[in-house]
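I have placed the structure first, in the form of structure tokens, so that the comments after it can refer back to it.
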Amino acid sequence: MSDHALVLNAGSSSLKFCVYRGAEAWVLAARGQIEGIGTAPRFTARNGDGAELGDGALGGAVHDGRSALDFLAGWLREHFGGGRVLAVGHRVVHGGPRYAAPTIVTPAVLEDLRKLVPLAPLHQPRNLAVIDAIGERLPGTPQVACFDTSFHRGQPAVAELIPLPRELCRGGVQRYGFHGLSYEYIASVLPRVAPGIAKGRVIAAHLGNGASLCALAGGKSVDSTLGFTALDGLCMGTRPGALDPGVVLYLFQGLGLSAGEVEEILYERSGLLGISGISSDMRDLLASVEASARLAVDYFVYRAAKEIGALAAVLGGIDGLVFTAGIGENSTEIRRRICQASTWLGIDLDGDANLAHGPRISSATSRVSVWVIPTDEEGMIARHTASLLGLTGPAA
Ligand code: ADP
């Protein structure tokens with residue numbers, strides 16, 4: 001019977017997982033996800049070599065985070081049952097001011113993390129529910145929380161600042177930044193994949209359902225587009241990105257909406273979905289002939305290019321641009337349009353390389369090199385989990 005380690009990444013409508021085999025050094029044995037939780041749940045899994053282990057629609061029994069975890073637990077027992085579970089690593093979206101590094105979960109840590117729920121109402125409760133469920137199912141198994149905010153700690157004071165009254169800011173009102181596990185992974189592979197820019201000034205663009213940019217100087221985060229919560233910056237699937245806070249006041253005072261209604265508008269009904277009235281999914285919008293879908297895509301590109309310009313100013317110019325996550329890794333059109341809007345920075349796209357998804361998608365003469373690098377948040381969590389427990393973990 002072999003030892004296993006598990007990585008769980010509970011998103012707003014998905015539960016991603018990885019299973020690693022081994023005691024000291026870990027080898028990827030399975031990677032998969034349940035997506036469409038709450039709408040049309042579907043399970044997919046592959047082994048470490050990419051061969052299919054499972055693929056199919058799930059019935060109505062999988063209708064929320066807990067039932068998704070129940071299904072996954074059954075599948076894991078069937079395929080990996082009998083072995084010992086050494087550790088479970090989790091993605092936790094918000095670590096607040098306190099958690100600047102991955103940490104072993106204790107009741108006190110969990111209590112701290114629950115206090116951050118209002119700062120990430122969509123994701124934090126789901127992350128913590130999975131930790132609770134594992135605590136019940138596998139009592140005594142070490143659990144490690146890896147935060148989306150940690151990688152951004154250490155930014156210059158001006159980048160973290162929110163210019164409100166000092167006494168409010170002392171209570172933790174500051175810019176935190178998110179998608180840190182993704183950016184940390186990208187920074188960790190740059191020396192191998194794109195050595196020419198690894199030590200330079202790079203903008204990484206994590207464009208998925210949630211979307212943000214990170215300014216990297218020598219592999220360290222110096223600024224990013226997400227702030228106190230995961231609402232700032234770029235236009236996202238259902239979140240608006242940066243907006244005049246006066247709009248929020250108007251929703252309360254002018255329209256008399258409740259806090260719950262405003263939260264739902266900002267987290268679930270805005271962004272690409274709000275503009276188009278059709279879908280939050282970039283594939284649907286790119287395939288649509290509706291003017292509102294086109295406007296949503298235009299705004300997504302406009303906002304991304306505008307924020308790339310802002311971060312380029314922070315860095316004093318850029319040497320490289322990296323695309324990652326669902327849209328960044330897969331949409332040739334969005335990459336082409338963002339690069340076209342960023343020509344002034346010295347970006348010259350290689351059309352064929354873009355269609356081939358890179359990894360390098362800029363021409364040989366482009367002053368700024370542009371890359372497509374698939375992210376691996378689960379791999380990053382596995383590395384942190386092993387390291388905290390003094391194990392070798394997966395190969396980097
Ligand atoms: P998250 O992990 O934040 O839920 P992902 O990183 O999986 O999101 O990205 C989801 C987004 O990626 C969706 O908007 C989806 O439409 C988009 N996407 C995936 N494949 C493509 C593609 N081939 N072209 C355009 N968009 C795509």
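Counting starts at 1 for both ligands and their atoms, following the listed order. None of the values given here were measured: they were computed from a predicted structure.
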Please report which non-hydrogen protein atom sits nearest to [atom], along with the residue it belongs to and the distance in Å to one decimal place.
atom                    : answer
atom 16 (O) of ligand 1 : D281 OD1, 2.3 Å
atom 17 (C) of ligand 1 : I327 CG1, 3.5 Å
atom 18 (N) of ligand 1 : G326 O, 3.7 Å
atom 22 (C) of ligand 1 : N330 CB, 3.5 Å

Quiz item: Going through the checks in order, is the side-chain contact (heavy atoms from CB on, under 4.5 Å) test met by H206 and Y183?
Solution: CA-CA 8 Å; H206 178 110; Y183 293 129; 3.3 Å; yes
Which of the atoms in ligand 1, numbered in the order shown and given with their element, are less than 4.0 Å from a heavy-atom of [X]?
X    : value
G210 : 3 (O)
S331 : 24 (N), 25 (C)
A325 : 6 (O)
K16  : 2 (O)

Self-check item: Shortest heavy-atom approach to atom 4 (O) of ligand 1 - which of N9, I334, N209
Solution: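 That would be N209.
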Exercise. Would you mind listing the cluster partners of L6? Hydrophobic ones only (ILVMFWY), side-chain contacts under 4.5 Å, chaining allowed.
Key: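 Noted: L6 shares its cluster with L8, L15, F17, V19, I34, I37, F43, L53, L58, V62, L69, F71, L72, W75, L76, F80, V85, V88, V130, I134, L138.
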Quiz prompt | Salt-bridge present (R42, D55; N to O < 4.0 Å) | solution =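 Between D55 and R42 there is a salt bridge, with a charged N closer than 4.0 Å to a carboxylate O.
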N or O pair under 3.5 Å between [X] and ligand 1:
X    : value
R283 : yes
M282 : yes
L207 : no

Exercise. Name all residues meeting the ring-ring contact (aromatic ring centres under 6.0 Å, His included) criterion together with F323; count only those two or more places apart in sequence or in a different chain, and write none if there are none.
Key: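 Per chain and number, F323 pairs via ring-ring contact (aromatic ring centres under 6.0 Å, His included) with no residue.
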Quiz item: How long is the gap from CG on L285 to CZ on R294, to the nearest 0.5 Å?
Solution: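 The CG atom of L285 sits 12.0 Å away from the CZ atom of R294.
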Quiz item: Can you tell if the side chain of I327 reaches within under 4.5 Å of the side chain of N209, non-hydrogen atoms only?
Solution: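 When only atoms from C-beta onward are counted, N209 and I327 do not touch, as no gap falls below 4.5 Å.
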Self-check item: ring pair (Phe, Tyr, Trp, His ring centres under 6.0 Å) partner of H94, the single match among F178, F228, F147, Y99
Solution: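 The residue from F178, F228, F147, Y99 that satisfies ring pair (Phe, Tyr, Trp, His ring centres under 6.0 Å) with H94 turns out to be F178.
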Quiz prompt | Over 12 foreign heavy atoms within 6.0 Å of CZ, R66 | solution =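 No, not enclosed.
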